[in-house]
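See structure below.
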Amino acid sequence: MERVSAATAGRLPVLLPPGPARGGGAAPWAGRFGAPAAYLVFGLVDILVFGLHAKGDVTFSFTPEFAKVSVPNLSLAAAATAYCCGAVTAALAAVRLLDVLGVVAAGRVARRVLIGAVLFLFVIALLAWASGGQPIPFNVVNLLSGTLSESIPIMLGALTAVICSTSGVINIAIEGQLLLGAFCAAIATTVTGSLWLGLICGALAGSLVAAVLAAFAIAYRVDQVVLGVVLNTLVLGLTGYLYNAIMVPYGDTLNNPATFNPVKIPLLGDIPIIGPVFFDASVFLYLTYALLLVIHFGLARTRWGLRTRAVGEHPVAADTVGIRVLATRYRNVILAGLIAGIGGAYFTVGSVGSFGPDMSSGEGYIALAAMIFGRYTPFGAIGAALLFGFTTQLQSILSSINVPIQSNLLLLTPYVVTIIVVAGLVGKVRGPRAEGIPFVKS
Amino acid sequence: MTPPSPAPPAPETGPSAAPPPGADGGGDGKAARFQDLLRQAVQENTVTVTVLALLSAAVLGGLLTAFTSNAVLHAWSGFFSAPGNAIAKAWSVAAGTYVALFEGSVFNPHTVAALFQQASLPTAIHDGYLSAVFNPLSETAVQATPLILAGLAVALPYQAGLFNIGGQSQFIGGAIMSAWLGYAVSLPFFVHVAVCVAGGFAGGAALGWLAGEIKARTGAHEVIVTIMLNYVMQYFLAYVLSSQSLMQQPGTSNSITLPIASDAHLPLLAGTHLRVNAGFLIALACAFAVWWLLNRTTTGFEFRSVGANASASRVAGMNVERNWALVMLIGGGLAGLAASSVILGTDFTLNPQSYGTYGIDAITVALLGLGRPGGVVAAGLLFGALHAGSPGMQTATGTPVQIVQVIQALIVLFVAAPPLVRATFRLSAARGRGAGTSMSKGWNA
């Protein structure tokens with residue numbers, strides 16, 4: 001059939017000159033001096049915006065309330081801190097400039113460390129400005145643990161996306177999987193009174209959406225991007241409808257779930273700073289750790305992973321050696337839906353409690369962006385998801401300490417960061433070769 | 001800035017490019033077009049499939065309303081004692097939902113009865129009783145206007161292989177420009193409307209271009225970029241509407257602009273009792289303009305060629321990236337016009353919810369319209385009717401208006417997968433292509 005020709009189209013570019021939109025990435029936009037110039041801008045913002053307007057002292061606290069072991073607070077002069085950050089950033093810009101000019105040869109890892117350092121210094125300067133002169137110390141542990149919990153749906157969604165994409169199916173319906181997961185978890189928990197049943201129902205709801213996606217994408221070969229968006233619309237409409245039709249009139253009996261309490265892991269949870277951030281959180285976070293390790297190990301080291309990657313890279317070859325391409329894709333997409341469903345359940349039984357219409361607010365799409373930024377690897381995707389979670393958490397902390405920036409402008413930062421990341425920082429990312437192309441056995 | 005009706009260069013006769021892989025021969029007159037239609041209806045049965053998709057979605061929507069309605073749920077609890085009661089209740093709720101939808105969007109017999117109960121016909125007409133008869137149709141046209149325009153904003157880039165789901169951001173861009181020009185600028189009547197409409201186009205076009213340019217320059221997928229822009233613009237709108245120095249009505253704490261000056265209102269088409277306005281004509285003109293652009297100009301030829309096969313188009317000497325940016329610019333402008341039609345035609349002010357669900361509805365309209373301008377008009381009218389009927393339906397039967405979104409999504413889901421509909425209804429397999437399948441070429445393309 002004609003779809004096969006679409007699969008072979010991937011081989012065509014061998015004959016063609018590489019297009020500017022591929023590969024070349026940010027080069028024509030920013031030029032060679034884009035990176036050092038951008039670093040310099042960050043440095044100038046550190047000095048001119050944050051440094052000049054900072055007042056008083058900034059106090060960083062590293063201890064949560066009621067901690068057994070306390071770490072002393074760190075008090076710094078706010079303006080001086082911002083100036084230092086700016087100066088160091090400017091120095092890093094100079095280093096990057098030398099790298100561009102060829103005086104110093106920095107590897108890929110070194111460049112990434114540079115980017116990380118610039119952003120880290122920017123955040124420190126921002127916090128010095130925002131929190132300087134405030135009576136309450138700025139709690140770093142809250143920022144970090146909040147980052148992790150904010151990221152949970154994005155991390156789980158990104159893991160779903162990694163599995164689906166690796167097996168060759170674009171899953172844009174993560175948003176819908178999160179939303180239906182949240183909805184069903186809220187109902188199931190309220191009705192049965194069992195948090196774990198709610199979690200399971202949420203997971204199953206996510207995999208239900210995934211199953212519809214799989215059926216239409218694999219059996220009916222509908223365009224997967226279009227299909228995903230339509231499924232998201234369907235779930236958005238359906239949950240909005242059911243919310244008004246049954247949840248509003250019967251709020252107490254259908255939409256009043258309990259939530260998971262944080263579980264502190266003995267010993268590990270008592271380590272200063274690290275303990276409260278990583279080991280004193282809800283079950284969802286521990287599930288995320290486990291899934292991350294399982295998926296990373298599974299994709300890289302097991303027969304299942306090898307077959308999954310083969311099906312996503314070159315289904316024809318996989319089929320030739322006897323791998324059942326369609327069955328593998330079905331199974332992976334539906335199983336991955338379970339993960340996104342758990343992520344959705346986090347919205348209701350993990351954090352907020354009751355369900356609200358459109359409560360996933362685009363995090364499914366952010367998860368996709370995280371997957372791309374993370375170069376289709378589980379650890380990369382989790383790292384990118386944490387970056388987005390950090391932006392969200394920073395935004396909510398800043399608006400709670402009355403920073404003189406309008407809250408709506410703070411709210412849009414995570415989305416701007418996503419665009420910048422997808423457009424500017426990602427550069428060349430090649431997904432699995434057969435991603436999004438239906439397979440037809442000839 | 002490009003005027004509302006996109007005016008690309010006149011068709012060149014030079015040896016610009018090879019025939020695009022997906023170009024059809026075009027109609028050689030009525031006979032050919034009729035044959036084409038016949039072939040679609042019978043052989044590829046696109047029309048049949050679309051009709052059956054509508055039917056299936058309507059049935060599923062009816063089942064959903066029937067089984068979630070309060071009255072019916074109560075009746076079900078007594079199913080074993082009085083099974084007939086439950087089924088009758090379910091039927092009456094589902095049927096009532098669709099009757100209310102129809103009465104709100106096409107024709108309501110009560111209005112005719114009311115008209116003829118009046119003593120004298122001329123006074124009745126003067127009092128608006130005749131208008132009441134046509135009010136449902138007028139409302140359908142009013143609701144369809146932004147849907148058609150926003151649907152075109154998705155359909156045009158779709159032809160060039162781009163999936164523009166940033167209708168919401170472009171709508172907000174256009175709305176901000178239209179509203180600002182509407183209340184802050186003082187101009188004579190006709191000029192003012194024209195300036196506001198052009199401003200709406202420009203506002204939407206700027207955001208569409210931004211997404212297209214990011215895609216062209218960096219290869220970032222337009223789906224993610226446009227979705228993120230939607231959220232960015234949503235918060236940006238809330239920001240400008242809550243800041244006294246920007247667009248918030250002076251002296252109030254409400255998130256709303258000043259009312260639009262009355263010379264910037266789109267002129268009404270059918271008397272003061274009906275809301276149908278010139279925006280509807282703009283929408284139809286834009287649909288024609290998009291058809292003309294796609295089928296009769298070099299620019300449109302390049303769009304379709306890029307959409308059919310970007311690599312081949314590049315080899316043929318087309319600038320694929322420039323086409324992406326341009327098609328998104330025009331598409332964004334169309335979404336901006338949708339905003340103008342709402343702000344200047346019905347709302348006359350801008351609030352943080354003005355964008356409604358137009359961004360999502362536009363996608364369903366474009367997909368149901370199979371990405372073609374004529375189809376978009378038809379789909380826009382259909383969904384406009386659903387929207388026009390839904391408030392009345394909610395008051396009459398208590399069914400939440402979100403049912404409309406569910407039905408829309410179901411329709412598109414079925415339309416996108418012709419094999420599913422064929423299998424369900426045992427139609428003969430044909431080589432028809434659905435909305436979705438025409439673009440299956442993956443994430444990296």
Side-chain angles (χ1 to χ4, degrees), chain A residues 3 6 9 12-13 16 19-22 25-26 28-29 165 170 172 216 219-227 229-231 233-234 236-238 240-242 244-246 249 361-362 365-366 368-369 372 406 408-409 411-412 415-416 418-419 422-424 426 430-431 433-438, chain B residues 64 68-70 163 165 214-221 223-225 227-232 234-236 238-239 242-243 309-311 314-315 320-321 324 360 363-364 367 399-400 402-406 408-410 412-413 416-417 419-420 434-445:
Chain A
R3 285 299 124 219
L12 198 58
L16 306 174
R22 294 274 172 83
W29 198 354
S165 290
I170 300 171
I172 289 197
F216 277 81
Y220 296 116
R221 303 195 285 279
V222 178
D223 179 272
Q224 291 161 12
V225 176
V226 172
L227 174 64
V229 172
V230 172
L231 278 180
T233 314
L234 180 65
L236 182 64
L238 197 62
Y241 169 81
L242 291 174
N244 282 324
I246 59 174
S361 62
Y365 295 101
I366 295 184
L368 267 177
I372 296 174
Q406 239 263 353
N408 286 307
L409 285 185
L411 280 169
L412 64 77
Y415 304 105
V416 174
T418 309
I419 295 179
V422 173
V426 176
R430 292 297 291 171
R433 200 173 181 117
E435 192 189 17
I437 300 167
Chain B
L64 185 63
T68 52
S69 147
N70 246 331
F163 194 31
I165 47 181
I214 290 177
K215 159 112 180 162
R217 297 263 182 170
T218 71
H221 200 280
V223 166
I224 290 179
V225 174
I227 282 271
M228 292 301 126
L229 280 176
N230 286 348
Y231 286 99
V232 170
Q234 187 180 321
Y235 289 116
F236 183 73
Y239 166 66
S242 57
S243 169
N309 190 335
S311 306
R314 188 173 285 127
V315 172
V320 173
E321 285 72 32
W324 279 342
I360 291 173
I363 299 165
T364 50
L367 292 177
T399 310
Q402 280 87 355
I403 190 70
V404 169
Q405 205 180 359
V406 177
Q408 276 174 218
L410 284 173
V412 173
L413 202 55
L420 175 70
T437 45
S438 59
M439 224 176 79
S440 259
K441 57 175 167 292
W443 191 241
N444 297 309

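A, B, ... follow the sequence lines: proteins, then strands. Residue 1 opens every chain.
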Check whether B/Tyr231 reaches the backbone of A/Gly362 with its side chain - one donor and one acceptor, N or O, closer than 3.5 Å. yes

Do you know which of [options] has the most heavy-atom pairs with chain B at a distance under 4.5 angstrom?
| options | result |
| --- | --- |
| A/Thr233, A/Leu236, A/Leu231 | A/Thr233 |
| A/Asn244, A/Leu242, A/Asn408 | A/Asn408 |
| A/Thr418, A/Val229, A/Leu227, A/Leu409 | A/Leu409 |

Answer key: most heavy-atom pairs under 4.5 Å with chain A among B/Ser243, B/Pro400, B/Ala409, B/Ala238 is B/Pro400

Per-residue contact mode, [X] against chain A (heavy atom under 4.5 angstrom):
| X | result |
| --- | --- |
| B/Ile227 | side chain |
| B/Ile165 | side chain |
| B/Leu413 | both |

Would you mind checking which part of [X] comes under 4.5 Å of any heavy atom in chain B, side chain (CB onward), backbone (N, CA, C, O), both or neither?
| X | answer |
| --- | --- |
| A/Val416 | both |
| A/Tyr365 | both |
| A/Leu238 | both |
| A/Ile366 | both |

Could you tell me the separation between the [atom1] atom of [X] and the [atom2] atom of [Y], rounded to the nearest 0.5 Å?
| X | Y | atom1 | atom2 | result |
| --- | --- | --- | --- | --- |
| B/Gln408 | A/Leu234 | CD | CG | 11.0 Å |
| B/Gln402 | A/Tyr241 | CD | OH | 9.5 Å |
| B/Ile224 | A/Ile372 | CD1 | CD1 | 3.5 Å |

- Query: Is the count of non-hydrogen atoms from other residues, nucleotides or ligands lying under 6.0 Å from B/Phe236 atom CZ greater than 12?
  - Reply: no

